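Comments concern the structure below.
In this chain, residues are counted from 1 in sequence order. Remember, it's a predicted structure, so these values are computed and weren't measured experimentally.
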Amino acid sequence: MDDRRMLLADHEPPERAPLQVEVGERVQVGDRDDEWPAFVFVTAGEGTGWVPSRHIEDGVVVTAYDTTELRAFAGDVVEVIVDDPKSEWAWCRDAHGNEGWIPHRVLELRAEGVRGPDAERLHAG
């Protein structure tokens, strides 16, 4: 694991099942999220969830997306697998191998060994 990508997290996902949308799937698009304007609320055959608006065009999914959020308790160390700066979320893996999204605002840099572009980009403000 690359120390530059190891962060501390504290994130409690909402009580809802994760939603996965597949390319070509028709979804009903609802409201845009006030706190996260890059996301829209969608309803699909599998349920409901927040999906980045750029993944949907005219009610059709153009890029597959998984809304799974990773539960992390204060001070848990997570590895950032994929950063999504446009949505301000990062796909992370915990020490047990579980993966999911965590918002940038609840990620903090580890005190030791953090340097380079990740140190400036990923941090809680």
Verify same cluster id: V62, V82 (apolar side-chain graph, 4.5 Å) = no
Does the side chain of R93 reach to within under 4.5 Å of the side chain of L70, using non-hydrogen atoms?
-> no
Would you check if V77 and L7 make a side-chain contact, meaning some heavy-atom pair closer than 4.5 Å?
-> no
Taking all non-hydrogen atoms of both residues, which atom of [X] and which atom of [Y] are closest, and how far apart?
X	Y	result
W50	Y65	O-CE2, 4.0 Å
V51	L19	CG2-CD2, 4.5 Å
V21	A44	CG1-CB, 4.4 Å
P18	T68	CB-OG1, 3.2 Å
L8	G75	CD2-O, 3.5 Å

Mind checking what makes side chain to side chain contact (heavy atoms under 4.5 Å, CB included) contact with [X], not counting sequence neighbours?
X	result
A72	A9, D76, I102
D84	R54, K86, S87, W101
R71	E12, P13, F73
V40	V29, R32, V42, S53, I56

Please round to the nearest 0.5 Å and tell me the distance separating atom OG1 of T48 and atom CZ of F41.
-> 3.5 Å
Inter-residue atom distance H11.NE2 - R105.CZ, 0.5 Å rounding | 7.5 Å
Pairs touching residues 56-66 that satisfy salt bridge (Lys or Arg N to Asp or Glu O under 4.0 Å), sequence neighbours left out | none
By salt bridge (charged side-chain N to carboxylate O under 4.0 Å, His left out), E69 pairs with (sequence neighbours left out) R16
